[in-house]
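The residues of the chain are indexed from 1 along the displayed sequence. Every number for a ligand or one of its atoms is a count from 1 in the order of the listing.
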Amino acid sequence: NASKVNRGGIYHFEKNAAQIMETDLHIEMNLRKALELDQFELYYQPQINTLTQELKGYEALIRWNHPDLGIVSPAKFIPMAESTGIIVEIGEWVVDQALSTLKAWNTEKSKDITISINASARQFLHKDFPSLVGKYLDKHQVCPSKLVIEITESLALENTVEVSEQLTIFNKMGVSISIDDFGAGYSSLTYLLHFPVSTLKLDRQFIQHVHQDPKSMIIIKTLIRLAKDLDINLIAEGVEEEEQSNLLQDLGCYMIQGYLYGKPMPKEEAFRFLLNSNKNELV
Ligand code: C2E
Ligand code: MG
Ligand code: MG
Ligand code: MG
């Protein structure tokens, strides 16, 4: 049904609705197959308290080990998974995997760490999402307070009522919520007053430019102050340089996630990192 226009022997495809649907179906099929063939993998990136040098937790970040393409970044396939709806199934796999991994790391050291997972809008707003999370917490016997669900501020803003309802349920369950990429979207600070969130994750762009751009510095200072006054945790994302880390410490932000302290790594490596952590060995 695709409309082909022959221009000088070259077929140009003009996407019509049918074709878009066909492409979507194709992508959905591939993602479904990836799920069946166990081609997804979670990587874990450390979140560090620079004051105590302790490992606070890990963020689970999905990768697609594609047989031909190699490791595919979530930035490439998560948007497609969202638009086709298969994110709901992938999301369930993520919850199962992350909790099973945390459970398997059954050591003294893993007792105090949290595991954060990312939930996209469609997944988070799905009415069965809280009970699904509950099911996997039970299955793996993980305490709800160990789990953090990261949502983005645009989701929170666009679906205020629905998000608020889900947040209330998670709150009752004892699962924490964190606002990802904070400051990157159309921030409306009022939702912080209404939503029970435990953590804000300061978007990487502010950290990246902090030494060149005085405005980034002002925003960071303001957000650190805001989080402190509202008694909400703050994690700075994307810290790559010692200088940035020191500056954040000086400003009173001690929770850091970034390449400086550790890249996202496969679970075996993350386990070794965990075993070696909290010994003041970190830079
Ligand atoms: P995010 O949740 O904001 O995750 C942080 C991203 O920043 C990760 O990219 C991480 O690798 C990257 N990052 C961390 N520290 C640094 C640093 O110091 N420098 C630089 N340049 N980058 C850093 P990643 O793993 O490619 O994930 C991209 C996005 O894909 C995530 O952004 C999240 O929105 C989404 N995503 C990842 N896993 C999942 C998942 O399981 N489910 C859903 N729904 N979305 C996911
Ligand atoms: Mg995240
Ligand atoms: Mg982020
Ligand atoms: Mg992001």
(request) Could you tell me whether Glu82 and Arg122 make a salt bridge, using a distance below 4.0 angstrom between a side-chain N and a carboxylate O? (result)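 Answer for the salt bridge query: no.
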(message) Testing the basics here: between Gln257 and Glu59, what is the closest heavy-atom pair and its distance to 0.1 Å?
(response)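 That closest heavy-atom pairing would be NE2-OE1, 2.7 Å.
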(request) Answer yes or no as to whether an N/O/S atom of Glu150 is found below 2.8 Å from the Mg ion (ligand 3). (result)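 No, Glu150 does not qualify, because none of its backbone or side-chain N, O or S atoms lies under 2.8 Å.
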(request) Flag Asp203 as yes if one of its N/O/S atoms falls below 2.8 Å of the Mg ion (ligand 3), otherwise no. (result)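 No, Asp203 does not qualify, because none of its backbone or side-chain N, O or S atoms lies under 2.8 Å.
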Identify, by atom number and element, the atoms of ligand 1 in contact range of [X], meaning under 4.0 Å from any of its heavy atoms.
{"X": "Gly238", "answer": "15 (N), 16 (C), 17 (C), 18 (O)"}
{"X": "Gly258", "answer": "15 (N), 18 (O)"}
{"X": "Pro74", "answer": "24 (P), 25 (O), 26 (O), 27 (O), 28 (C), 30 (O), 36 (N), 37 (C)"}
{"X": "Val239", "answer": "18 (O)"}

Out of curiosity, is [X] lining ligand 1, as in a heavy atom under 4.0 Å away?
{"X": "Lys263", "answer": "no"}
{"X": "Arg63", "answer": "yes"}
{"X": "Lys201", "answer": "no"}

Within the distance-only criterion (no hydrogens, no angle test), does the side chain of [X] pair as donor or acceptor with the backbone N or O of [Y] below 3.5 angstrom?
{"X": "Lys127", "Y": "Gln166", "value": "no"}
{"X": "Glu28", "Y": "Gly85", "value": "no"}
{"X": "Lys56", "Y": "Gln47", "value": "no"}
{"X": "Gln123", "Y": "Ser120", "value": "yes"}
{"X": "Gln45", "Y": "Gly262", "value": "yes"}

(request) May I ask which of Gln244, Gln45, Glu237 has a heavy atom nearer to atom 15 (N) of ligand 1 than the others do? (result)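 Comparing heavy atoms across Gln244, Gln45, Glu237, the nearest one to atom 15 (N) of ligand 1 lies in Gln45.
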(message) On a heavy-atom basis, I'd like to know which of Tyr259, Tyr261, Phe182 is closest to atom 12 (C) of ligand 1.
(response)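 Residue with the shortest heavy-atom distance to the ligand atom: Tyr259.
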Which segment of [X] sits under 4.0 Å of ligand 1 when only heavy atoms are counted:
{"X": "Ile62", "value": "both"}
{"X": "Leu260", "value": "neither"}
{"X": "Val94", "value": "side chain"}
{"X": "Ser120", "value": "both"}

(request) Determine, for Tyr136 and Lys139, whether the Lys NZ or Arg CZ falls below 6.0 Å from the six-membered ring centre while staying within 45 degrees of the axis. (result)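 Checked: cation-pi criterion not met.
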(message) Regarding Tyr44 and Thr101, do their side chains bring together a donor and an acceptor under 3.5 Å, going by distance alone?
(response)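 Indeed, the side chains of Tyr44 and Thr101 share at least one donor-acceptor pair under 3.5 Å.
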(message) Just checking: Asp181, one of its N/O/S atoms, less than 2.8 Å away from the Mg ion (ligand 2), yes or no?
(response)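 No N, O or S atom of Asp181 is closer than 2.8 Å to the Mg ion (ligand 2), so no.
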(request) Test ring pair (Phe, Tyr, Trp, His ring centres under 6.0 Å) on Phe170 and Phe124 and set out the steps. (result) CA-CA 11 Å; Phe170 279 120; Phe124 189 78; 5.8 Å; yes
(request) Please calculate the OD2(Asp180)-the Mg ion (ligand 2)-OD1(Asn118) angle and round it to 10 degrees. (result)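 Between OD2 of Asp180 and OD1 of Asn118, the angle at the Mg ion (ligand 2) is about 90°.
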(message) Tell me which N, O or S atom from Glu59 is the closest to the Mg ion (ligand 2).
(response)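 Per the distance ranking, Glu59 contributes OE2 as its closest N/O/S atom to the Mg ion (ligand 2).
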(message) With ring pair (Phe, Tyr, Trp, His ring centres under 6.0 Å) as the test, pick out the partner of Tyr58 among Trp105, Phe271, Tyr43.
(response)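 Looking at Trp105, Phe271, Tyr43, the match for Tyr58 under the ring pair (Phe, Tyr, Trp, His ring centres under 6.0 Å) is Trp105.
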